[in-house]
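These notes are about the structure you will find just below.
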Amino acid sequence: MNSNSSVLAGLNEQQAVAVTHQGGPVLVIAGAGSGKTRVLTQRIAHLISSGISSPSQILAITFTNKAAQEMRERVISLVGGVGEAMWISTFHSACLKMLRSNAERMGYKASFSIYDDRDSRRLIERAIISNGLDIKRFTPRATQGIISAAKSSLGGIDEVIESGGIYGNKFGAIFREYNERLLAANAMDFDDLIVNACNLLKNFEDVRDYYQERFRHILIDEYQDTNAAQNAFVLLLGNKYQNVFAVGDSDQSIYRFRGADPSNIGDFEKAFPNSDIVVLEQNYRSSQTILDAANSVIAKNQTRKPKRLWSDKGNGSLISLTIAMNEYEEARWVAREILRFKTHGISYSDMAVMYRTNGQSRVLEEAFAGSSIPYRVIGGTRFFDRQEIRDTLAYMRMVANPDDEVSFERVINTPRRGIGEKAMAQIALYSRVHRISLFKTLKYVDQLGVSKKAQNGLGEFRMLISHLEDQASAGESPKILLEAVLEKSGYRAMLESDHSVESEGRLENIGELASIAAEHEDLESFLEHCALTSAVDESGEMTSVSLMTLHSAKGLEFKNVFLVGLEEGLFPHSRTMEEALDLEEERRLCYVGITRAKDNLAISYALTRTQWGSQREGMPSRFIHEIPAELLDKVDLTGFANFDQSAFVSTERRTFRDTQSFNYSTSTEISAPQSMSTEDSLKNESTGAQNLGLAVNDTVDHARWGVGRITKIEGKGDDMRAEIRFKDGVTKRFLLAMTPLSKL
DNA sequence: CGGGCGGCCATTTTT
DNA sequence: TGGCCGCCCG
Ligand SMILES: Nc1ncnc2c1ncn2[C@@H]1O[C@H](COP(=O)(O)OP(=O)(O)OP(=O)(O)O)[C@@H](O)[C@H]1O
């Protein structure tokens, strides 16, 4: 069967051109919602069903694992059959797969560990310290930024030295040591996965030949967010047959901060001089109103080529703009709207709330819980970031790769085995001198020069790991191994013995990890899953509202979208407001957010917001002003929004006098004290409570919350804070200078 | 050596 | 808000 109806169904002319392109390099450039992902997916289906390509000749790159999985399912539903042979994955997964098969060539063992951000930062910290540098001056975070930027642009030590400025040589030394430690630990960081895969292809002709022959068709989604190393990977693989199909939208490039380089799009034509360009202009997702708003925001970017994008879905409803007193009121308003939409037949799973920073989810979660709205937070504090999960996985990694330095340090003394700083220093010394890994030094435990107690602990640890290694090489499943780790290491016993609610939660999480382990045949695939599965990948079939950052929202779509916290300093974020290029990236992020909505878009901001314990007054985001006023339907919950830009005088803004009544009816107990402290701070008055000589266990009376007992005092003078546990069991924290308290 | 506590810090976005 | 460091006591 050749050109097939199901594969071409639901495509416009331009889309069909792209899908059925006869081969050679193709670049699809198109705005949001124009069907880029659909085209890419259906092209895979077309290649297979028309017999042009077999599934095993397909390499498709997506931005997240979840997108990969969905694409695979979609292709299978179009052409049937088993899709196992296709490689549809993220860059990182694809590179990892190649590296596992060829690790020895690169000087690694096949069982190498993958270091995520935090593992890598920890190792960088070790490298900084062992260079005799101060981690206050050379912060691991900043150093990691420099190193990662160099790696992801395929640079080496020279680039690190250069971006290190006057301390270039120091950063260079750190960089060198970090890489040495990685190699010694048989570990790669995220950037290494890409860089090493490139080097593998570059340096080994036979490997390159193999993969070039194998992947006759290479397709890349979200091309605008590839970095130099990823791009090099694509070019290396695609060089021979040049069947490279890339889709992207430079207006949706939002990862420049981590090395993504949208100029890869422009360079595509240079790399493949005979490439064909396909432009898609019809948006099938959003109403014209939403599209107009998005187009007019993004038009403010200077460094951009204008682009046409239209929709025939009709104007739809206006975009609502809501002004709230504070973030609590904003969240309650979102909750009310969600319930309202629900009664109009829109299901929870068709709605999403998007924000700039993860920290904003908390208040929303509280409001949703209070309104019994089912919700899911996508991303945020990830499951795999929890301490107990990291600890358990560190044990598992030790089993797979005993040379793993970061994992060793993590668990050598968890639970306590009497190994302190002193013993660790001795181990590190021995490992340096004898050029063996930390774990291997344990063979010579009596030569390390550590206390008897530490020797015992170390011996115990060594037996534990080697016993587990035996089990692993005997082919025990990850589930069994995990069980053995928990039991034999004493980790479970440690948690069980303390009987706290916290430990119970940790045990539950570990239980969850065990069920993930049960889904995997071997240790390697389990660890791989844990290393590369990001929070965004968690499945979300349930009928719940989604909460996520704007970054996580890329590529998704919802009927109703709430964009919250549109305040100067938050969005655009204060860290981006100085550099024009950073600000443009924020604007693209706004464009991405707006264009996630199909039917209804609601944006909102709060006049005050509590950040780092203190209140901040917010100005409406410039992005709001960049949306034509006639597309907005303004609702002022506060009565005194200072949103008096000329564009908005037409709406029914209440006068300041009205606010004296202060009866924004929806406010409940949560916002009242908020507004009270706002008033206080505005008047710059102190309640004097910091001078009452309060101490822990004093009983106090709070003007709004009633009687309670002080459980904690910190800070002094005007900065004194108290934690008070009220009679109803609620615990709250206050800045005393602003709190109406009396001592009882 | 280990645990607990106070105080200081910084605090964007993530494969 | 929490993560981390330094300090103190058992
Ligand atoms: N020809 C078409 N007819 C009807 N619907 C279409 C057509 N093409 C795409 N769509 C729909 O439009 C929506 C957006 O498509 P898709 O996600 O592929 O766009 P995209 O360009 O990848 O978007 P973005 O870049 O914003 O993530 C999807 O719901 C898709 O099913």
Side-chain angles (χ1 to χ4, degrees), chain A residues 61-68 89-96 114-118 120-122 125 135-136 139-142 144-145 148 152 189-194 222 225-227 229-230 253-260 354-360 362-363 378-382 384-385 387 413-424 450-454 457 498 531-537 548-554 565 569-577 582 585-586 588-590 592-593 610-614 616 696 712-716 719-721 723 733:
Chain A
I61 302 292
T62 59
F63 201 69
T64 63
N65 295 297
K66 186 174 174 213
S89 71
T90 61
F91 274 110
H92 291 85
S93 299
C95 291
L96 174 64
I114 300 159
Y115 280 179
D116 71 11
D117 231 40
R118 286 176 55 190
S120 130
R121 198 173 308 163
R122 175 64 73 188
E125 186 177 306
I135 58 167
K136 293 257 160 61
T139 64
R141 187 185 264 282
Q144 183 180 44
S148 176
S152 60
D189 66 21
F190 275 178
D191 297 314
D192 289 337
L193 292 178
I194 314 291
E222 309 278 12
D225 276 325
T226 52
N227 63 34
Q230 292 166 334
S253 163
I254 55 176
Y255 284 98
R256 219 179 50 101
F257 75 90
R258 81 174 192 211
M354 299 171 191
Y355 37 78
R356 179 61 175 77
T357 63
N358 283 305
Q360 291 168 256
R362 188 189 219 92
V363 176
I378 318 265
T381 320
R382 297 158 44 196
F384 292 109
D385 273 344
Q387 184 184 308
N413 203 31
T414 315
R416 307 288 167 208
R417 294 190 183 88
I419 322 291
E421 207 180 318
K422 266 207 178 126
M424 258 327 288
V450 299
S451 71
K452 200 80 210 149
K453 190 172 156 197
D498 99 10
L532 294 185
T533 303
S534 72
V536 190
D537 299 323
M548 66 189 91
T549 63
L550 287 153
H551 283 87
S552 305
K554 186 165 82 152
L570 185 60
F571 188 36
H573 196 274
S574 51
R575 304 274 300 231
T576 66
M577 288 164 59
D582 289 338
E585 178 144 309
E586 292 287 283
R588 290 193 292 271
L589 193 55
C590 185
V592 167
T610 311
Q611 239 172 356
W612 337 304
S614 60
R616 234 199 35 184
V696 171
K712 197 171 177 182
I713 297 266
E714 57 184 60
K716 44 181 172 295
D719 206 34
M720 191 186 288
R721 285 150 206 273
E723 191 178 88
R733 214 175 289 214

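Residue numbers start from 1 in every chain, and the chains themselves are labelled A, B, ... in the order their sequence lines are given, proteins ahead of strands.
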To the nearest Å, give me how far apart [atom1] ([X]) and [atom2] ([N]) are.
| X | N | atom1 | atom2 | answer |
| --- | --- | --- | --- | --- |
| A:F63 | B:dT14 | CZ | C1' | 8 Å |
| A:K66 | B:dT15 | NZ | P | 12 Å |
| A:D385 | B:dT14 | CG | P | 11 Å |
| A:L532 | B:dT15 | CG | C1' | 8 Å |
| A:M424 | B:dG2 | CE | P | 13 Å |
| A:K554 | B:dT15 | NZ | P | 10 Å |
| A:K452 | B:dC1 | NZ | C1' | 17 Å |
| A:R118 | B:dT15 | CZ | C1' | 16 Å |

- Message: Once rounded to the nearest 0.5 Å, what's the spacing between atom CD of A:E586 and atom CE of A:M577?
- Response: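 One finds 9.5 Å between CD of A:E586 and CE of A:M577.
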
Is there any protein nitrogen or oxygen under 3.5 Å from a nitrogen or oxygen in nucleotides 10-13 of chain B, and what are the pairs?
unit_1, atom_1, unit_2, atom_2, d
B:dT12, O4', A:H573, NE2, 3.4
B:dT12, O2, A:R356, NH1, 3.1
B:dT12, O2, A:R356, NH2, 2.2
B:dT13, OP1, A:N358, N, 2.8
B:dT13, OP1, A:N358, ND2, 3.1
B:dT13, O4', A:R356, NH1, 3.1
B:dT13, O2, A:R356, NH2, 3.2
B:dT13, O2, A:H551, NE2, 3.3

- Query: At under 4.0 Å, does any side-chain N or O of A:R416 touch on OP1 or OP2 of B:dG3?
  - Reply: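 Looking at the OP1 and OP2 atoms of B:dG3, one of them is under 4.0 Å from a side-chain N or O of A:R416.
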
- Query: Is there a donor-acceptor pair closer than 3.5 Å between any side-chain N or O of A:Q144 and the backbone N or O of A:S120?
  - Reply: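 Side chain of A:Q144 to backbone of A:S120: no pair is present.
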
- Message: Using the side-chain heavy atoms of A:H92, tell me which of these nucleotides is nearest: B:dT15, C:dC5, C:dT1.
- Response: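 Of the candidates, B:dT15 comes closest.
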
- Query: Can you tell which of B:dT15, C:dC5, B:dC1 lies closest to the side chain of A:A423?
  - Reply: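 Of all the options, the side chain of A:A423 is nearest to B:dC1.
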
- Item | DNA chain B: 5'-proximal contact among A:G420 and A:Q230 (nearest heavy atom) |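 Closest to the 5' end, via its nearest nucleotide, is A:G420.
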
- Message: A:T90: which residues meet the side chain to side chain donor-acceptor pair (under 3.5 Å) condition with it, sequence neighbours left out?
- Response: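 A:T90 satisfies side chain to side chain donor-acceptor pair (under 3.5 Å) with A:S93 only.
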
- Message: Within the 4.0 Å heavy-atom criterion, would you say A:I419 contacts the bases, only the backbone, or no part of the nucleic acid?
- Response: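 It contacts sugar-phosphate atoms only.
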
- Select base, sugar-phosphate, or nothing to describe what A:N413 touches, counting heavy atoms under 4.0 Å on all strands.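 The answer is sugar-phosphate, as A:N413 gets under 4.0 Å only of primed atoms, P, OP1 or OP2.
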
- Task: Please name all residues satisfying salt bridge (charged side-chain N to carboxylate O under 4.0 Å, His left out) with A:R122, sequence neighbours left out, ordered by chain then number.
- Result: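 A:E125.
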
- Message: Can you list everything that forms a salt bridge (charged side-chain N to carboxylate O under 4.0 Å, His left out) with A:D191? Sequence neighbours excluded, please.
- Response: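 Result, salt bridge (charged side-chain N to carboxylate O under 4.0 Å, His left out) vs A:D191: none returned.
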
- Item | ring-ring contact (aromatic ring centres under 6.0 Å, His included) partners for A:F571, two or more places apart |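 A:F571 satisfies ring-ring contact (aromatic ring centres under 6.0 Å, His included) with A:F623 only.
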
- Message: Using the ring-ring contact (aromatic ring centres under 6.0 Å, His included) criterion, which residues pair with A:Y255? Sequence neighbours excluded.
- Response: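 A:F63, A:F257, A:H551.
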
